[in-house]
Amino acid sequence: MIQQRVTKYIEKEHLFSLDAKILIALSGGADSVALLCILHTAGYHCEAAHCNFHLRGEESDRDELFVRQLCKRTGIHLHTIDFNTTQYAKEKQISIEMAARELRYDWFEKTRKECQADVIAVAHHQDDSVETILLNLIRGTGITGLLGIRPRNGAIVRPLLCVNREDVIHYLESIGQDYVTDSTNLEDEYTRNKIRLNLLPLMQEINPSVKKNLIGTSNYLNNVATIYNKCIEETKNNIVTTEGIRISDLVKEPAPEAILFEILHPLGFNSAQIKDIAFSLHSQPGKQFCSKKWRVIKDREFLLIEAIESGNEILPPFQIIKEEKEYTPDFLIPRDKGIACFDADNLNGDIHYRKWQTGDTFIPFGMKGKKKISDYLTDRKFSISQKERQWVLCCGEHIAWLIGERTDNRFRIDETTKRVVIYKIV
């Protein structure tokens, strides 16, 4: 009996206890209606939550009415909400499917806290898990993507993963419970529906047990993934530093590309990019690879990983205080690189800050000839990202201070100096 299978699965996976309060995501479709009936009949304390996304006109309102009537008949408290999903998708510049997902799960969690439920139960079953595995395979995935849908994700639990769609329909028919059908599920429009309506039937022609076999494989891989993830974490601890991924240690690992995949795929890098990054490990420094929000820079000793800044920095990421005083023979120039001292009479132009630019030169303190800032930073073994973050203090068109590094010899203090200007990073 399906109810016994589900309650045993709940116990086996430790999804929730008999005295827990469960908030059920109730769309009105067969799966969620079966979930509600099974848990309610089993004696669990249930409340329901229904979202009206207003994407299917009268059908959306029909679903809400059905859900209201079902909850009234069963005596289950119902939470409802209306969403302007299309507007939200436009504002966020995301797909309708993604918009509905974000709105749905954010509201579920908010409602769970308000009604003090322990978990949110959603009605994914084995067929959904099979579709997810195939979808991930088509898109490209690591081992995690082959595990299918897992029984728990934070406060989200999935008690029906022990049954399939056929079991659900048979159960509803046996208790005489009707449900609504989302017409979009019958359309060959979205990728998941193409898998459900076209790909899976073809695979079942080849092997009628394909769904069962895929679920079995995903369960086996879940155990494999436990061992795999333990090794990956140990490897990360060995090769990832505050500066980045240490290349010399990474290339000693038996599968550097797999390790890079586990580090970079969650940051939005695809398989082709990660392959290119792995190939660049033995090339010259300077190559950059970008996802939407992150970039990887191949430097000399490290792969640098950093967030992509939005817009250009107009103000420096530090504060500088200025002090001016008379020069006396007992004045000592500090050795601190965060402090710069100048002859006030030489520093007589417009003072401003900016990031250094290609072609910039200065005369490093203690030297006579000009030096390109790019060459100076390279000599100092600055990484690419460190170079990009370097600011200068300018006096008119001249660079007076490579901030935090070195002053320009033309503005130095000497025996003729009468007044001293001091700039300090705070």
Side-chain angles (χ1 to χ4, degrees), residues 241-244 246-247 284-288 295 297-302 304 306-426:
T241 72
T242 53
E243 293 178 81
R246 190 181 292 107
I247 295 172
Q284 292 296 313
K287 287 190 175 181
Q288 297 190 34
R295 69 170 176 167
I297 303 169
K298 163 64 171 69
D299 207 50
R300 295 176 187 82
E301 298 177 32
F302 296 93
L304 310 174
E306 55 186 39
I308 295 174
E309 297 173 358
S310 56
N312 295 320
E313 286 183 89
I314 299 172
L315 299 173
F318 49 77
Q319 285 186 308
I320 291 181
I321 57 173
K322 175 186 174 184
E323 182 185 357
E324 191 168 332
K325 59 171 67 175
E326 295 294 320
Y327 177 71
T328 58
D330 60 346
F331 178 81
L332 292 175
I333 298 175
R335 290 184 171 272
D336 190 336
K337 285 190 174 184
I339 302 174
C341 301
F342 305 102
D343 185 314
D345 291 329
N346 290 338
L347 202 72
N348 55 8
D350 172 53
I351 303 297
H352 60 280
Y353 309 101
R354 63 170 173 81
K355 283 189 175 180
W356 76 280
Q357 299 167 357
T358 303
D360 278 347
T361 61
F362 79 132
I363 301 175
F365 181 82
M367 295 177 61
K368 293 182 179 179
K370 287 185 178 181
K371 189 175 185 72
K372 284 185 176 180
I373 286 181
S374 59
D375 292 340
Y376 176 88
L377 296 176
T378 298
D379 292 346
R380 293 275 294 118
K381 300 192 184 304
F382 270 43
S383 69
I384 292 169
S385 58
Q386 284 177 311
K387 288 178 181 178
E388 290 177 356
R389 293 194 296 268
Q390 181 63 55
W391 285 70
V392 292
L393 180 148
C394 299
C395 176
E397 295 182 359
H398 299 297
I399 292 172
W401 184 23
L402 193 57
I403 296 175
E405 274 297 308
R406 200 158 174 178
T407 56
D408 187 293
N409 200 59
R410 287 168 291 190
F411 303 94
R412 71 188 185 281
I413 295 169
D414 58 24
E415 64 279 359
T416 66
T417 300
K418 297 177 181 177
R419 289 181 304 120
V420 177
V421 176
I422 303 168
Y423 286 93
K424 183 187 293 186
I425 300 173
V426 293

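Judged as a side-chain hydrogen bond (donor to acceptor under 3.5 Å, both in side chains), and not counting sequence neighbours, the contacts of Arg410 are His398, Asp408. Taking the side-chain hydrogen bond (donor to acceptor under 3.5 Å, both in side chains) definition, one finds that Asp299 meets it with nothing, sequence neighbours left out.
Residues Phe411 and Cys395 meet the side-chain proximity criterion, which asks for heavy atoms closer than 4.5 Å. The closest side-chain heavy-atom distance from Asp360 to Arg354 is below 4.5 Å. By the 4.5 Å heavy-atom criterion applied to side chains, Glu301 and Arg246 are not counted as neighbours. In this structure, Arg380 and Gln390 have side chains that are not in contact, with every pair of non-hydrogen atoms separated by 4.5 Å or more. At least one side-chain heavy atom of Trp401 sits under 4.5 Å from a side-chain heavy atom of Phe342. Contact check for Ile399 versus Trp356: no side-chain heavy atoms found under the 4.5 Å cut-off. Looking only at side-chain heavy atoms (C-beta outward), Ile403 and Ile320 come within less than 4.5 Å of each other.
To the nearest 0.5 Å, atoms OH (Tyr423) and CG (Leu393) are separated by 5.5 Å. Annotation: the span from Gln288 atom CD to Glu306 atom CD amounts to 8.0 Å, rounded to 0.5 Å.
Of all heavy-atom pairs between Arg412 and Asn346, the closest is O-ND2, 4.0 Å. Closest heavy-atom contact between Lys298 and Ile384: O-CD1, 4.0 Å. What you find for Asn409 and Met367 is that their closest heavy atoms are ND2-O, 3.2 Å. When every heavy atom of Gly396 is checked against every heavy atom of His352, the shortest pair comes out as O-CE1, 3.3 Å. Here the closest non-hydrogen pair linking Glu243 and Leu304 is O-CD2, 3.2 Å.
Checked by atom type and distance alone, the side chain of Asp375 never pairs as donor or acceptor with a backbone atom of Lys372 at under 3.5 Å. Remark: the backbone N or O of Phe382 is paired with a side-chain donor or acceptor of Arg300 at under 3.5 angstrom.
Using a cut-off of 4.0 Å between Lys/Arg side-chain N and Asp/Glu carboxylate O, Glu405 and Lys371 are scored as not salt-bridged.
In the model, Lys387 has no side-chain atom that pairs as donor or acceptor with a side-chain atom of Ser374 under 3.5 Å.
If you run side chain to side chain contact (heavy atoms under 4.5 Å, CB included) between Asp343 and each of Asn348, Val420, Thr417, only Thr417 comes through.
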Validation: residues 326-339 side-chain donor-acceptor distances under 3.5 Å, sequence neighbours left out:
from, atom 1, to, atom 2, distance (Å)
Thr328, OG1, Asp330, OD1, 2.4
Asp336, OD1, Gly338, N, 2.8

Intermediate values then yes/no, side chain to side chain contact (heavy atoms under 4.5 Å, CB included), Phe362 and Val392 | CA-CA 10 Å; Phe362 79 132; Val392 292; over 6 Å; no

